[in-house]
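Because the structure is predicted, anything quoted here is derived from the model rather than measured. Proteins get letters first, then strands, A, B, ... in listed order; numbering begins at 1 in each.
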Amino acid sequence: MITLKNVSCKMSGKQILDGITATFNKGEIWGIIGPPGCGKSMLMKLICGLYPVTDGDLYIESENIAGMSEVRLVPVRRKIGMLFQNNALFDFMNVWENVAFPLSRMNSGLSPEEIRLKAFERLKAVGLGGSEEKMPSELSGGMRKRVGVARAIITEPPVIIYDEPTAGLDPVTTSKIYDLLNEIQSRSQSVVLTISSDIIGLRSFVKNILFINEGKILYCGPEQEIDHCTDPVVYQFLRGLDEGPL
Amino acid sequence: MTGKLYEMTANLGGFVTGIFAAALSLFSIAMRTFRGVFRFRGRAQGEVLKQMYLIGNRSLIFVTVTLGALGMVLVFQVCLQINKITGDQSQVGPEFIKGMIHAFVPILTAMMLATRVGAGIAAETGSMVVTEQIDALRMTGVDPVDFILVPRFIASVVMTFVLGVYAMVIVIVAGAFMAHSSFGVNYNVFFVFDKVTGGDLFIGSLKLIVHGGAIPIVAGYCGLTTGRGSEGVGNATTRAVINSSLAVIIIDFIISGVGLLTVQKI
Ligand SMILES: Nc1ncnc2c1ncn2[C@@H]1O[C@H](COP(=O)(O)OP(=O)(O)OP(=O)(O)O)[C@@H](O)[C@H]1O
Ligand SMILES: [Mg+2]
């Protein structure tokens, strides 16, 4: 589904990602972890074609998006639903218009009224029934996250990316969000890539883990086996130790 | 020695390619805006009206006060000087009106709008960049230039023209009032429009329209290339004010020169 071959990204003279090689298949749930600033968000934005790949090949289904023009990227991006780290809700639209926007931009064959109803239904599914007409600025952080989730999944895309879906949320809401993500995933069989710093919560949700440090992959494989990884950075990070290279 | 020379050459090279890249990116935004205008066809009309209202609302009092005051000061100074030489005030009105229409009002209105409208557009688009809203728009297949800049471009062109015409009325009335109250110039003598040619009207309107288009393009470019963080938005806003004012001055200079050589009689 998504294949990265030796993908690198350099911006303003700084190597942000270096030689990333990985494959994410249909139906798989991946957790992307690593220290702050290691390039997790950037990797997701490369997959969306929002930033250019400076070296290597990046395939979405069978298309190599490295060096693709903005116009040709449009249909590729429609296959991806993204929850941004800052939520990125449009502050000039109300909640349901935000959720409906990606769908209204596609040739889905739905009437405006059907799109509105679908947005309302999705908002109810994320526990935000009754807030449809509010503006994003009137919502709490956790509510905004959930609007972001609803917007990422409304088009039922084959690839879903969640950048920090539970950052700043309490344990109860976190577990509710993961339940919701699980339910969406089991229904759609999409590839899910989730970035999170809440390792415990994340590990209960994902089947595979990709560990990045300073733009390089340190671990890429099943979730259970990362405990046996001997890399000192991975070892320290997973156990939250004071002593170590980090 | 060679190392230092190499470093200097490399820096200079980086600077030149930087300027070239910036010019290319500005040009691309301008072209995408023009294309967006031709494909506009009434879509997002509400957005254009809203932006027109915002521009008018932000600038009406500002334009009235500044241009009214400037008109009075200018006429006062001119009349004072003339009193010292010949004392014949009959030509003050006609010459003042002509100069205002083809030269002063277009550049002054545009400079004022560059600070108000330019800063507003840069702050808005810049904060959309840092909150990833621009990325979110691109994810849905929307060109941010089409979506954000085109309505503001249309609104700015229309409103700069409207506010410019309004400013001409204010400046001329304020000037006449000053000439009458301080130097006893009769209103009939002041309000004489025979000096104003078709060329003057054409150049004045052309300037207003071109300035009105240049401001949102330059400001939008500054906003869309915002650096990261809220510091980036601040920088983008400052750059937008400076660069769009500079663009207005340069464009005005060129149109004035071409106008004087072609359609205008001095
Ligand atoms: N637009 C950009 N231009 C230049 N450098 C950037 C840009 N975006 C990110 N970076 C740099 O790339 C590196 C990785 O950033 P990224 O946002 O991917 O980190 P992250 O792993 O998501 O961190 P966090 O866990 O804090 O979100 C950082 O050093 C950052 O400074
Ligand atoms: Mg991040």
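Atom NZ of A:K118 has more than 12 neighbouring heavy atoms from other residues, nucleotides or ligands inside a 6.0 Å radius. More than 12 heavy atoms of other residues, nucleotides or ligands lie within 6.0 Å of NZ in A:K79, so this atom counts as buried by the packing criterion. Remark: A:E70 CD is packed, more than 12 non-hydrogen atoms of other residues, nucleotides or ligands lying under 6.0 Å away. Counting non-hydrogen atoms of neighbouring residues, nucleotides and ligands closer than 6.0 angstrom, the CD atom of A:E214 reaches no more than 12 such neighbours. In this structure, B:F104 places its CZ atom where only 12 or fewer heavy-atom neighbours from other residues, nucleotides or ligands lie under 6.0 Å away. Remark: B:I61 CD1 is loosely packed, at most 12 non-hydrogen atoms of other residues, nucleotides or ligands lying under 6.0 Å away.
Put simply, CZ on A:R105 and CG on B:L137 are 8.5 Å apart, with the number rounded to the nearest 0.5 Å. Atoms CE and CZ, from A:M82 and B:R138 in turn, are 11.5 Å apart once rounded to the nearest 0.5 Å. Interatomic distance, A:F90 CZ to B:F147 CZ, rounded to the nearest 0.5 Å: 7.0 Å. Here the straight-line distance linking atom CG of A:N86 with atom CG of B:D135 works out to 10.0 Å at 0.5 Å rounding.
The candidate with the highest count of non-hydrogen atom pairs below 4.5 Å against chain B, out of A:D91, A:V76, A:L73, is A:D91. Highest contact tally toward chain B, considering only A:R77, A:M106, A:R151, is held by A:R77 [criterion: heavy-atom pairs under 4.5 Å].
Between A:P102 and B:M139 there is no side-chain heavy-atom pair separated by less than 4.5 Å.
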Only distances under 3.5 Å count here; give the side-chain donor-acceptor pairs of residues 51-60 of chain B to other protein atoms, sequence neighbours excluded, each with its distance to 0.1 Å.
from, atom 1, to, atom 2, distance (Å)
B:Q51, NE2, B:E47, OE2, 3.1
B:S59, OG, B:I55, O, 2.9

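Using a 4.5 Å cut-off between heavy atoms, A:L89 contacts chain B through its backbone alone, with no side-chain atom that close.
Using a 4.5 Å heavy-atom cut-off against chain A, the contacting residues of residues 109-134 of chain B are B:M128, B:V130, B:T131, B:E132, B:Q133.
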